[in-house]
Amino acid sequence: MNENKPTDHSASKVMKLLLGDEALALGAINAGLSGAYAYPGTPSTEILEFVQANPTARERGLHSHWSSNEKTAVEEALGMSFCGKRSMVSMKHVGLNVAADAFVNSAMTGANGGMLVISADDPSMHSSQNEQDSRFYARFAMTPCLEPSNQQEAYDMAAYGFGLSERLRIPVMVRLVTRLSHSRAQVATEPEAAAENTLSYPQNPRQWVLMPGNSRVRYRELIADREKMEQESVESPFNRLSQGSDNSLGIIASGIAYNYVMECFPQGCPFPVLKISQYPLPKKLISELFAKVDRVMVAEEGQPVIEEMLRGLLDTPSRPVLGKLDGHLPRTGELSPDSVMEALVKAVPSLRTDSVEAPAASSVQAELKDLVVARPPALCQGCGHRDVYAALTAAMKMYEAPKVFGDIGCYTLGWLSPFNAIDTCLDMGASITMAKGAADAGQHPSVAIIGDSTFTHSGMTGLLDAVNEGTPMTVIISDNLTTGMTGGQDSQGTGKLEQICLGLGVDPAHLHTIDSLPKTVEEMKSLFLSEFEHKGLSVIVARRECIQTARRHAKKA
Amino acid sequence: MKCDIILAGVGGQGILSIATILGAAALRENLHLKQAEVHGMSQRGGDVMSCLRLSSDPIASDLIPTGKADLIVALEPMEALRHIGWLSPAGRVVTSTVPFVNIPTYPDTARILDTLGKLPNVTAFDMEQVAKEKATLRASNMVLLGAASPYIDLSPEKIEAGIQAVFGPKGEKMVETNIAAFRAGRETALSL
Ligand code: SF4
């Protein structure tokens with residue numbers, strides 16, 4: 001198996017300008033990747049898109065088709081790893097919830113060929129419904145986790161991660177965050193891709209059959225392996241304890257937070273800094289830092305994972321710990337060079353440097369308040385979802401307490417004015433199942449609105465529940481023939497939605513297809529109204545291609 | 001050399017291509033570069049912002065600290081004001097004066113321009129007009145890049161090479177149009 005050593009940025013390297021997502025993808029291709037799997041989700045989408053467009057990947061015929069959802073993607077990647085080849089699977093943080101069953105159990109089967117599970121967190125919720133931190137999942141499943149702090153590390157960690165995964169025979173998580181995924185920098189890359197692994201089968205076949213007898217044996221091994229994993233973290237080139245001239249404070253900075261700490265000290269940091277980019281936490285390095293300094297500040301992007309572990313339940317660490325839990329750093333939202341500087345100044349007031357010059361904005365500060373107003377995102381002009389919502393809101397006016405259960409996609413924007421058309425948005429596919437629960441509770445009309453890609457991601461199984469019980473509810477599949485929100489990736493159900501519904505058992509008399517156009521709004525409205533009155537399940541597919549992808553298709557043609 | 005730039009606009013206006021072009025130019029100059037951008041929900045007509053940092057020394061943070069940006073480059077006047085807190089005391093705003101009104105609450109444009117005018121270093125003109133006259137409306141973002149170029153430590157030739165690199169795959173005509181827009185923007189800014 002090939003084992004690339006990280007960070008040899010010699011002259012033979014090719015400099016490329018890459019997003020963090022792209023750097024990781026290219027690193028994987030150059031490390032002998034055989035297959036990439038993913039479901040699109042901001043900020044992870046560009047990883048698979050990069051593989052799809054990469055000439056080497058095309059030439060080699062590397063797998064790079066979108067999967068139906070994150071769970072199928074993880075399982076497909078694991079199947080490839082089972083056969084000894086290097087695979088990677090990428091998703092956004094909440095996608096890991098969908099894939100959690102597969103991911104957590106993949107730590108039990110272990111990996112054969114190196115396998116990277118890439119989860120991109122979105123602190124500040126730029127394009128997500130929560131701020132969950134994927135590092136919890138790695139800890140929960142007991143897999144190692146890599147957390148690059150910059151684009152170069154993202155590139156280097158692919159080869160390193162594959163090596164780690166093959167040494168320890170376990171999938172390795174790579175945790176990204178929005179500001180790395182979507183930030184570009186120069187990256188030194190190998191001029192050529194390493195050879196792929198050849199087909200080979202696991203040396204420990206029992207472990208891949210998670211029957212209780214096998215699992216009990218494996219679980220003990222997995223726990224015993226923690227020591228090896230920790231040793232890897234101690235020796236990792238990505239975890240570094242640097243000395244300082246002032247031991248009144250020590251800083252633990254993980255992932256991208258390390259950059260913000262360094263930004264605060266252009267002349268070099270006077271305090272010892274432990275940079276962490278590999279988990280499980282390197283206890284030995286942390287003890288060394290604690291032995292040296294009076295207090296420890298923890299800067300980490302996302303939830304206070306490291307900080308909570310250091311504090312412990314009783315909050316009795318051997319040195320005072322400063323971080324998000326005591327208000328030094330903000331508890332929510334992403335970090336910034338400003339918030340880290342503020343925390344450092346709170347901890348060490350002498351760091352304050354009062355700038356003599358007033359900021360440029362000071363002369364106009366007072367006027368800004370009513371001159372800068374929010375500009376929320378909106379559905380594109382000419383988007384079919386608009387016409388669906390126009391028809392739906394008109395139909396809903398006929399009822400006293402209609403409820404519309406929404407879902408994840410561009411059409412979530414239908415909650416905003418002028419539509420104010422949906423009442424809920426929870427997770428992928430929840431429109432159908434929540435509408436069902438509401439109908440079970442006696443709600444009428446109970447309407448689900450879901451996009452085509454979300455429907456095949458997680459809506460189909462819920463629809464089967466409704467079919468089986470003949471639930472009186474209406475499902476509107478607003479089909480734009482793509483995964484629109486993430487920029488127009490292929491949607492797995494395109495051309496098959498009606499067949500899928502019929503196959504699941506939807507009554508053909510209550511399965512309708514209609515174009516969603518300004519001129520069909522009236523027609524859609526009457527269709528909605530008549531199906532609301534049906535005392536069983538109805539599915540209406542309202543179809544019109546996303547205008548963004550339509551434009552692209554028109555240009556290509 | 002160090003140049004920290006905030007690029008601001010509305011989703012879909014094309015500020016990200018400005019970043020890509022400057023990136024390509026900086027790569028040729030062997031400068032260090034970091035450029036953080038926003039994808040996803042806000043691209044649907046919401047406000048978008050990108051931090052672009054160029055430096056001869058290694059750059060730590062992908063984000064620019066507030067009060068430290070050398071330039072705010074905006075395709076839209078209210079979006080220029082939105083990020084004004086990032087501007088350093090000696091920093092400059094380069095913005096188009098044409099409002100992009102896609103919200104009912106858009107403030108009075110005259111007041112926005114008036115406030116912008118109170119800042120010490122401002123380059124503001126109707127970039128759509130210049131784009132229409134000298135190239136095409138869609139190249140307004142290249143007019144903006146041209147207008148900002150005198151304040152960026154990269155030679156115009158290098159930036160034009162960046163335009164060539166980015167638009168090259170779309171055909172020579174596209175390159176010509178965009179370079180024409182770039183030059184017109186630069187000339188207008190220098191003549192103000
Ligand atoms: S990207 Fe497509 S689906 Fe999304 S709002 Fe625009 S037109 Fe509609």
Side-chain angles (χ1 to χ4, degrees), chain A residues 15-17 19-20 42-43 45-46 122 126-128 150-151 178-186 256 258-266 334 336-338 340-341 355 357-365 367-368 370-381 410 412-413 485-487, chain B residues 10-12 19-20 23-24 26-27 30-47 51 57 59-68 78-79 81-82 84-93 100 102-108 111-112 114-116 118-121:
Chain A
M15 294 306 288
K16 291 206 149 110
L17 198 53
L19 293 175
T42 313
T45 312
E46 293 79 1
D122 188 19
H126 295 283
S127 210
S128 305
N150 58 39
Q151 294 77 358
T178 304
R179 289 299 174 185
L180 181 56
S181 283
H182 287 172
S183 176
R184 265 187 199 90
Q186 286 102 329
I256 199 164
Y258 177 76
N259 304 342
Y260 300 142
V261 171
M262 290 303 132
E263 180 74 26
C264 297
F265 301 106
E334 59 185 354
S336 67
D338 298 315
V340 172
M341 190 65 214
S355 134
E357 280 179 284
S362 56
S363 57
V364 296
Q365 204 64 50
E367 296 159 52
L368 290 182
D370 55 324
L371 279 187
V372 178
V373 298
R375 195 190 295 263
L379 291 168
C380 303
Q381 293 304 326
C410 288
T412 315
L413 297 170
M485 180 55 110
T486 44
Chain B
V10 179
T20 315
L27 198 61
N30 271 327
L31 289 172
H32 292 271
L33 169 145
K34 284 209 171 188
Q35 185 236 325
E37 58 193 41
V38 182
H39 299 186
M41 204 163 221
S42 52
Q43 284 179 300
R44 306 272 159 273
D47 53 286
C51 289
D57 297 314
I59 303 162
S61 165
D62 298 78
L63 298 176
I64 301 169
T66 55
K68 294 282 172 68
M78 179 174 77
E79 296 309 324
L81 275 187
R82 188 186 305 280
I84 212 75
W86 261 272
L87 200 61
S88 73
R92 170 172 294 270
V93 176
F100 187 101
N102 63 347
I103 42 168
T105 49
Y106 196 95
D108 178 28
R111 280 188 56 218
I112 291 181
D114 187 48
T115 304
L116 275 169
K118 290 181 192 155
L119 292 162
N121 307 307

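Residue numbers begin at 1 in each chain, while the letters A, B, ... track the order of the sequences.
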Would you say [X] and [Y] make side-chain contact, with heavy atoms under 4.5 Å?
X: A:His182; Y: B:Asp62; answer: no
X: B:Pro65; Y: A:Glu263; answer: yes
X: A:Pro376; Y: B:Ile103; answer: yes
X: A:Met15; Y: B:Asn30; answer: no
X: A:Asp370; Y: B:Arg111; answer: yes

**OP:** Answer with yes or no whether the side chains of A:Gln381 and B:Asn102 bring together a donor and an acceptor at under 3.5 Å.
**Re:**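 Distance-only check fails for B:Asn102 and A:Gln381.
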**OP:** Under 4.5 Å, counting heavy-atom pairs only, tell me which of B:Thr20, B:Leu87, B:Ile59 racks up the most with chain A.
**Re:**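 Highest number of pairs under 4.5 Å: B:Leu87.
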**OP:** Give the member of B:Ile112, B:Thr105, B:Thr66, B:Val93 that has the highest number of heavy-atom pairs under 4.5 Å with chain A.
**Re:**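 The option with the most such pairs is B:Thr66.
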Original post:
In terms of heavy-atom pairs under 4.5 Å, which option from A:Asp338, A:Val261, A:Asn150, A:Asp122 contacts chain B the most?
Top reply: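 Top count of heavy-atom pairs under 4.5 Å with chain B: A:Asp338.
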Subject >> Selection from A:Leu371, A:Leu19, A:Val372, A:Asn259 maximising heavy-atom pairs under 4.5 Å formed with chain B >> reply: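 Of the options given, most contacts go to A:Leu371.
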Let me confirm one number: the [atom1]-[atom2] distance from [X] to [Y], rounded to the nearest 0.5 Å.
X: A:Leu180; Y: B:Lys34; atom1: CG; atom2: NZ; value: 7.5 Å
X: B:Gln35; Y: A:Ser183; atom1: CD; atom2: OG; value: 7.0 Å
X: A:Ile256; Y: B:Leu63; atom1: CD1; atom2: CG; value: 7.0 Å
X: A:Arg375; Y: B:Glu79; atom1: CZ; atom2: CD; value: 4.5 Å
X: A:Ser362; Y: B:Leu119; atom1: OG; atom2: CG; value: 9.0 Å
X: A:Glu367; Y: B:Leu81; atom1: CD; atom2: CG; value: 9.0 Å

Original post:
Where on B:Leu116 is there a heavy atom nearer than 4.5 Å to chain A: the side chain, the backbone, both, or neither?
Top reply: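 B:Leu116 has no heavy atom closer than 4.5 Å to chain A.
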**OP:** Go through the atoms of B:Ala24 and report whether side chain, backbone, both or neither lie under 4.5 Å from a heavy atom of chain A.
**Re:**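 The backbone, not the side chain.
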Original post:
Checking A:Gln365 against chain B: side chain, backbone, both or neither under 4.5 Å from a heavy atom?
Top reply: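 Neither part.
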Subject >> Heavy-atom donor-acceptor pair, A:Gln186 side chain to B:Leu27 backbone, under 3.5 Å >> reply: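 No, A:Gln186 side chain to B:Leu27 backbone: no donor-acceptor pair under 3.5 Å.
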**OP:** Taking all heavy atoms of A:Val373 and all of B:Arg82, pick out the closest pair and write down the distance.
**Re:**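 A:Val373 and B:Arg82 have their closest heavy atoms at O-NH2, 2.9 Å.
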**OP:** Please name the pair of heavy atoms, one in A:Pro337 and one in B:Ile64, separated by the smallest distance, quoted to 0.1 Å.
**Re:**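 Heavy-atom minimum between the residues: CG-C, 4.3 Å.
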